[in-house]
**Q** 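Okay, handing you the structure first.
The figures here come from the full heavy-atom set of this structure, side chains too, leaving out hydrogens, waters and symmetry mates. Note that ligands are numbered from 1 as they come in the structure, with each ligand's atoms numbered from 1 the same way.
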Amino acid sequence: MKFNSTLDSIKSYQAGKPIELVVREYGIDKKDIVKLASNENPFGCSPKVKSAVSAIIDNMALYPDDSMLKLKSALAQKYAIEDSEVIIGAGSDQVIEFAIHAKAHEGASVLMNSVTFAMYEIYAKQVGAKIIRTASVMHNMEEFYALYCEHKPSIIFLCTPNNPTGDAIDASSMIEFIRKIDSDTLVIVDGAYMEYARLKDASKGVEPRDLIAQFDNVLFLGTFSKAYGLGGMRVGYGIAQAPIIKALYKVRPPFNITTLSLEAASVALEDEPFVQGCIEDNFEQMKRYEAFASAKKIEIVDSYTNFVTLSLPSVKNSSYIAQELLKKGMIIRDLSSYGLNAIRVTIGTSKQNDRFFELAESML
Ligand SMILES: *Cc1c(COP(=O)(O)O)cnc(C)c1O
């Protein structure tokens, strides 16, 4: 059967290997497997979320509240914006999909960093858009501007902090860049790890309300999958001026978030101390990775996230290392598909990190 030719150049997204697969393929006991591959919060979510979700477990027969007012209002309050400036997606992934389907089209250009979140390209190709990438591995605003002038893209993606490298853009240089962009170009600021960046370095932190107060062409993305520990619930959001949100609503399917997920995300916002505690622990543990890399003379990217990227020397092949670690039950991310001889490791609990160092000691 023939399918749309726009699909020909799409490689489907390679998700981090689930624990169940490693149990099946390598016969390793589930309790001996450590997954540091998908930037999940190793402490999970706030205990308040668990009790709130258990309390409504009998509500599964009815469709969810499609206005999502409880969650939208909680986000609006957190960020000091209006309900009309928020849209909720099944992960911020789905908001990326809405934005591309609403704004890009066949022949349009979409500009992004050379190495960045893989879903931007996949959704852009679905609509037949052309992908323009920078050459630099780290976001370089001058290069972005030159490519913007050359290609006049309909969408620009800025992923800050960036996945899978961990670097973050200086907020002031980003704002300066956006000022030079025509208001008909949609600038998407993906802040999936913004909670981490804000705590580590205020100069990298951007507040969605500042962005949308200044710009009518910016869409900020946030997610509950990383710092909030709710990857399995699939909740993310977009924040922009109301006309952008209205356009995104036209491509949104009804009931795109489950009742349990809506409750989980709303309650997660009520326990910020839990999240802040996890982020503080993250940066404490990150120091151990920095010390490990320094002792091994391995290059490590200064990270504003909950993961570290280790650039391996050419004698150590990242796919091989990832495979060897997997055989021992340690799931991490090989970045060779991004053209890098590097691995990305999510910062785990102290015990999970112990295990990583124990295994990596002899391999790296
Ligand atoms: C994890 C991630 C997302 C989205 O995750 P969802 O689970 O779909 O909310 C978006 N952008 C980046 C850069 C990410 O790392």
**Q** Taking 4.0 Å as the limit for heavy-atom contacts, which would you say applies to Asp93 with ligand 1: side chain only, backbone only, both, or neither?
**A**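 It is both parts that get close, each with some atom under 4.0 Å.
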
**Q** Tell me the contacting part of Met119 for ligand 1: side chain, backbone, both, or neither, using a 4.0 Å heavy-atom threshold, strictly below.
**A**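 It is neither; nothing of Met119 touches ligand 1.
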
**Q** Show which atoms of ligand 1 fall inside a sub-4.0 Å distance from at least one heavy-atom site of Ser225.
**A**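 Numbered from 1, ligand 1 contributes 6 (P), 7 (O), 9 (O).
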
**Q** Using heavy atoms and a threshold below 4.0 Å, how should the contact between Arg234 and ligand 1 be classified: side chain, backbone, both, or neither?
**A**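 Within the 4.0 Å criterion, Arg234 contacts ligand 1 through side-chain atoms alone.
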
**Q** Could you list the donor-acceptor pairs under 3.5 angstrom formed by side chains in residues 257-269, with sequence neighbours left out?
**A**
from, atom 1, to, atom 2, distance (Å)
Thr258, OG1, Ser261, N, 3.0
Thr258, OG1, Ser261, OG, 2.7
Ser261, OG, Met233, O, 2.8
Glu263, OE1, Lys70, NZ, 3.1
Glu263, OE2, Lys70, NZ, 3.4
Ser266, OG, Leu262, O, 2.7

**Q** Under 4.5 Å between side-chain heavy atoms, counting indirect links through other Ile/Leu/Val/Met/Phe/Trp/Tyr residues: same cluster for Phe215 and Ile188 or not?
**A** no

**Q** Tell me whether the guanidinium CZ or amine NZ of Arg209 lies under 6.0 angstrom from the six-membered ring centre of Tyr79 and within 45° of its axis.
**A**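 Geometry flag: not set, cation outside 6.0 Å or 45°.
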
**Q** Identify, by atom number and element, the atoms of ligand 1 in contact range of Lys226, meaning under 4.0 Å from any of its heavy atoms.
**A** 1 (C), 2 (C), 3 (C), 5 (O), 14 (C), 15 (O)

**Q** How does Tyr193 reach ligand 1, if at all, at less than 4.0 Å between non-hydrogen atoms: by side chain, backbone, both, or neither?
**A** side chain

**Q** If hydrogens are left out, which of Asn39, Asp190, Asn162 has an atom nearest to atom 12 (C) of ligand 1, that is, the closest non-hydrogen atom?
**A**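 Closest candidate by heavy-atom distance is Asp190.
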
**Q** Tell me whether the guanidinium CZ or amine NZ of Lys327 lies under 6.0 angstrom from the six-membered ring centre of Tyr26 and within 45° of its axis.
**A**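 No, Lys327 and Tyr26 do not form such a contact.
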
**Q** A side-chain contact here means heavy atoms from C-beta on lying under 4.5 Å apart; do Ile347 and Phe283 qualify?
**A** no

**Q** For Ser92, is at least one N or O under 3.5 Å away from an N or O on ligand 1?
**A**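 There is such a contact, yes.
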
**Q** Suppose I only count heavy atoms of Cys159 and a 4.0 Å limit; which atoms of ligand 1 are within that range?
**A** 13 (C)

**Q** Between Phe117 and Tyr120, is the gap from one ring center to the other below 6.0 Å?
**A**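 Yes, ring centres under 6.0 Å apart.
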
**Q** Going by heavy atoms in the side chains, are Phe98 and Lys103 under 4.5 Å from each other?
**A** no

**Q** What atoms of ligand 1 come within less than 4.0 Å of a heavy atom belonging to Asn163?
**A** 13 (C), 14 (C), 15 (O)

